[in-house]
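Below, chain A is the first sequence line, B the second, and so on; all start at residue 1.
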Amino acid sequence: MGLNRREFVKLCSGTVAGLGISQVFNPKVIQAMEEGAKKAPVIWLQGQGCTGCSVSLLNSVHPKIKDVLLKVISLEYHPTVMASEGDMALEHMYEVAEKFQGKFFLLIEGAIPTKADGRYCVVGEKDGHEITMKDLALELGKKSLATVAVGTCAAYGGIPAGEGNLTGATGVKDFFAANGLADKLVVNVPGCPPHPDWMIGTLLAAWQYALGKGPLPELDSDGRPTLFFGENIHENCPFLDKFDNDELADTFMDKDKCRYQIGCKGPNAYADCYKRRWNGGVNWCIENAVCIGCVEPGFPDDMSPFYEEG
Amino acid sequence: MSGCKPSKAPVAGVSSKKIKIAVDPVTRIEGHLKVEVEVKDGKVVEAKCVGGMYRGFENILVGRDPRDASQLTQRICGVCPTAHATASVLALDDAFGVKVPTNGRIARNLILGANYLQSHILHFYHLAALDYVKGPDAAPFIPRYDNPDLLTDRIKDAKKAAAVNQYGLDQYLKALEIRRICHEMVALLGGRMPHVQGMVAGGTTEAPSKEKIAKYYARFKEVIAFVKDEYLPLIYTLGTVYPDLFETGAGYKNCVSWGVFPLSDTDPLDLLLKRGAYIDGKDVEVDPAKIKEYVGHSWFNQSKSGLNFAEGETVPNVDKAGAYSFIKSPRYADKACEAGPLARMWVTNPELSEVGQKMLKEKYGINAKKVRDLGDKAFSIMGRHVARAEETLYVANAIAGWLKQIVPGESTYMEYEVPESGEGLGMTEAPRGALLHYVDVKDQKISNYQIISATIWNANPMDDMGQRGPIEECLVGIPVPDPKNPVNVGRLIRAFDP
């Protein structure tokens, strides 16, 4: 297992070609990581989510997901893919967090409910007591090198935090800030779900820096790597000239015109879907229908109604 | 590395004392589940299934534009978003009074069908198979139970065991690619996966070009070959190593299937997989009025117990005494029923695949033409895996037909106006079982939205009448010879794909 340098560079170039990255990760902890750094342990927790981010991760093409699982990252805890379960799985997670304190990446998928003392999301049981997502995220957040909030639920609260929610769902950065971890590094990789390249690319970029092979990812004001979220979808859309010429579709079937009038939220969304496309590049939301702005902090409330202009 | 800790002092081997075991989290499923079983004389005598997460989609949907429901509700599940999208658009079509064009019906079948293939392959290979196949000695495949009862433990000839296990492991990796290809099929017609843009009230958003259909077909050929030549034979071969698991986990043998994949524009009950229920050994017609949801042991207000979805309310109450789950207990005619591939295949009772018929005869000495010829063996851990694999090919064969029917470039969508008010019911089948969405629209906004998903049917807690949920009932009686390594508990749960 593990990769030699050549393989590593090859993998990185597939996903994170042309990294334009700046100061983010704390160099001290990075240095501490370097000793074991052929593999950076990853602990992946799931809060109020749908597992869609994990499933999207499985769609990785460059690098192939089997290489990600077997060679690139050491996925020490992931509720959907790990072989282990119950106490055995939890004990292993705690051991890894202890052994690699300050060196492991914490990936969080799903929002964190704060009401009812966190009981709206129980993620395990230890010595007969339930462990809430709220408590576990804090405990591991403190010990991690950095936390990556994977998906819009973890980044900004997403649908579980939408109007009408009863659980006090919140994104990781806000949750950490409200609980004394305001200084903790949190990188947001939003999207409902995020593109596999965005997740793996962010991890690889961080790891590459940890190995002294590259600079640190630059983040925008919403905590997202500008590498993937730096440009507006509408401004780069293949249908932009149609918009400029006022050629607007008024039905889904009208494929030659701009989708603004049938609800496309591209003008309010920042991501590179327009060039990266999805699922091995076969299609993307706007070619098929409309963008619903799933990468934005205001998703879903600010993007709704999805099929109305504005 | 220890297994799951009994809460009393660990006892090696079979004990006549009752031992309580909590497996929390149950992994390799979608969502948060804990199971608590009591074991006596090497068998489970009591079981509780605990759903540990609540988001409250029903409450979040109230007051929104009803058209948004299909986008929002598919985000209930990242493994089967297409199924939630389908149930939602069926409910919306019904509420809006819109008729989907033929090409739209077929496009929807091709979108949902491709995700059936993806979901079943993901489920067997990446969620369930590690209960049988030994992964590499690295994360995320370790740690594992001390006595995991894997293929390599069961097959005595070490060389043969290693070869069979290696085959299983190679398949695990290959299946990662195959399920990704299935997602590409969904995305070609639906924009992307997970979470498909193309499924909307009135049809689908893209009249697929010849080129897209050809791309879909090229991928489909690779997938169906994998299902026919590798997945199905592997399942039957696995059963020969684990014959005991054909006798384990029967449960109530009650089934519900709402049916899925419409074959006609005019008859909504002309479905590839049929609508029907099987209760106390009899086939019965489905009447939606007979569906009720109980919350006697769920963290919801008791005054909202026993309601039909049309009057459903979801009011959480985490302090409720005697409650132990965020899952409600749906009942059909007050009976606990299982949902999923076995339920569908049992209700529909199609012919088994050629591979299945041949292997059942050669390896098991069973002359079986149809699903029901499996008899009681169907209601078991291994029976549920067989039903899922058989269904995968059954759906794949239907996809081949729909690919010939779809007309390139022809509209898949019908325009409509959102009415001031309306009520809609969407009944379909997620890969993991019966799925129902109900919407009530007032002043062009959602006034009530209720969802009864497959996991709710299978993994629910005891109801107000004292009946266990289906998975709970199936757990009772399963062998757990070693309480420190309760292998069969996870196997049983994962056979349902919760």
Side-chain angles (χ1 to χ4, degrees), chain A residues 1 48 50-56 58-59 65-66 69-70 74-76 78-89 92 116 119-125 128 159-160 162-167 192-193 251-253 278-280 282-285 287-289 292 300 304-308, chain B residues 1-5 7 22-28 30 32 34 52-56 59-60 62-65 67-68 71-72 75-79 126 130 135 138-141 143-144 173 176 180 183-184 187-188 190-195 197-198 205-207 215 316 318 411 413 415 490:
Chain A
M1 303 292 169
Q48 288 171 301
C50 70
T51 314
C53 305
S54 295
V55 175
S56 184
L58 296 181
N59 287 339
I65 186 60
K66 69 177 180 184
L69 291 179
L70 294 174
S74 184
L75 193 56
E76 297 288 346
H78 189 303
T80 318
V81 298
M82 67 184 166
S84 182
E85 64 185 344
D87 283 344
M88 185 170 58
H92 179 71
R119 284 167 64 198
Y120 287 117
C121 186
V122 175
V123 292
E125 179 182 304
I159 293 173
E163 196 182 331
N165 94 84
L166 303 173
T167 65
C192 192
T251 164
F252 290 120
M253 292 295 108
W278 284 77
N279 300 94
V282 299
N283 207 345
W284 68 304
C285 302
E287 180 176 322
N288 177 269
I292 60 169
S304 176
F306 297 138
Y307 302 113
E308 290 282 342
Chain B
M1 192 56 64
S2 75
C4 289
K5 260 188 220 155
S7 55
V23 180
D24 187 14
V26 175
T27 56
R28 285 181 277 121
E30 196 283 293
H32 300 271
K34 160 186 166 176
M53 195 255 282
Y54 175 75
R55 285 170 295 181
N59 305 314
I60 290 167
V62 171
R64 291 180 193 265
D65 187 314
R67 292 170 297 171
D68 289 359
Q71 279 301 323
L72 292 168
R75 285 158 167 89
I76 288 169
C77 177
V79 182
H126 308 116
L130 293 177
F141 305 102
R144 62 176 76 95
L173 297 175
L176 281 170
R180 180 179 61 72
H183 261 189
E184 288 177 9
L188 277 163
R192 66 159 181 191
M193 269 297 277
H195 304 319
Q197 286 306 103
T205 55
E206 191 175 328
K215 283 182 176 172
V318 290
S411 178
Y413 175 72
E415 287 289 339

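With contacts defined as side-chain heavy-atom distances shorter than 4.5 Å, the pair A:Glu85/B:Pro25 does not qualify. The shortest side-chain heavy-atom distance between B:Asp68 and A:Pro300 does not fall under the 4.5 Å cut-off. At a threshold of 4.5 Å between non-hydrogen side-chain atoms, the residues A:Cys121 and B:His32 count as touching. At least one side-chain heavy atom of A:Leu70 sits under 4.5 Å from a side-chain heavy atom of B:Phe141.
Closest non-hydrogen pair, A:Cys50 versus B:Ile76, comes out as CB-O, 3.4 Å. Closest approach of B:Ile60 to A:Gly162, counting heavy atoms only: CG1-O, 4.2 Å. Shortest non-hydrogen contact noted between B:Leu176 and A:Leu58 is CD2-CD2, 4.2 Å. The two residues B:Pro194 and A:Gly52 come nearest to each other via the heavy atoms CG-O, 3.4 Å. When all heavy atoms of A:Cys192 and B:Arg192 are compared, the closest pair comes out as O-NH2, 3.0 Å. The two residues B:Thr27 and A:Ala83 have their closest heavy-atom pair at OG1-O, 4.4 Å.
For a residue to count as touching a neighbouring chain, one of its non-hydrogen atoms must lie under 4.5 Å from one of that chain's; by this rule B:Val318 touches chain A with backbone and side chain alike.
A donor and an acceptor atom, one from each side chain of B:Glu184 and A:Asn279, are nowhere located under 3.5 Å apart.
Under a 4.0 Å N-O distance rule, the pair A:Glu308/B:Arg67 qualifies as a salt bridge. Using a 4.0 Å cut-off between charged nitrogen and carboxylate oxygen, A:Glu125 and B:Lys34 count as a salt-bridge pair.
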Does the side chain to side chain contact (heavy atoms under 4.5 Å, CB included) test come out yes or no for A:Phe306 and B:Asp65, once each step is laid out? CA-CA 8 Å; A:Phe306 297 138; B:Asp65 187 314; over 6 Å; no

Side chain to side chain donor-acceptor pair (under 3.5 Å) between B:Glu415 and A:Thr251, worked out: CA-CA 8 Å; B:Glu415 287 289 339; A:Thr251 164; 2.9 Å; yes

I'd like to know whether B:Gln197 forms a side chain to side chain donor-acceptor pair (under 3.5 Å) with A:Asn288, so could you lay out the CA-CA distance, the side-chain angles of the two residues, the decisive distance to 0.1 Å, and finally the verdict. CA-CA 7 Å; B:Gln197 286 306 103; A:Asn288 177 269; over 6 Å; no

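The backbone N or O of B:Arg55 lies less than 3.5 Å from no partner atom in the side chain of A:Thr167, so there is not a single donor-acceptor pair. For B:Arg28 (side chain) and A:Pro79 (main-chain N/O), no donor-acceptor pair under 3.5 Å exists by modelled atom type. A:Gln48 places no side-chain N or O within donor-acceptor distance of the main-chain N or O of B:Met53, the cut-off being under 3.5 Å. At distances below 3.5 Å, not a single donor-acceptor pair connects side-chain atoms of B:Arg64 with backbone N or O atoms of A:Pro305.
With B:Glu30 as reference, A:Thr51 is the one residue of A:Thr51, A:Thr80, A:Val55 to meet the side chain to side chain contact (heavy atoms under 4.5 Å, CB included) rule.
Remark: B:Leu188 CG to A:Trp278 CH2 distance equals 15.0 Å, nearest 0.5 Å. Taken to the nearest 0.5 Å, the NE2 atom of B:His195 stands 9.0 Å off from the CD1 atom of A:Ile292.
Shown here are the side-chain hydrogen bond (donor to acceptor under 3.5 Å, both in side chains) partners of A:Asn59, two or more places apart in sequence or in another chain: B:Arg179, B:His183. Residues passing the ring-ring contact (aromatic ring centres under 6.0 Å, His included) test with B:Tyr413 are A:Phe252, sequence neighbours excluded.
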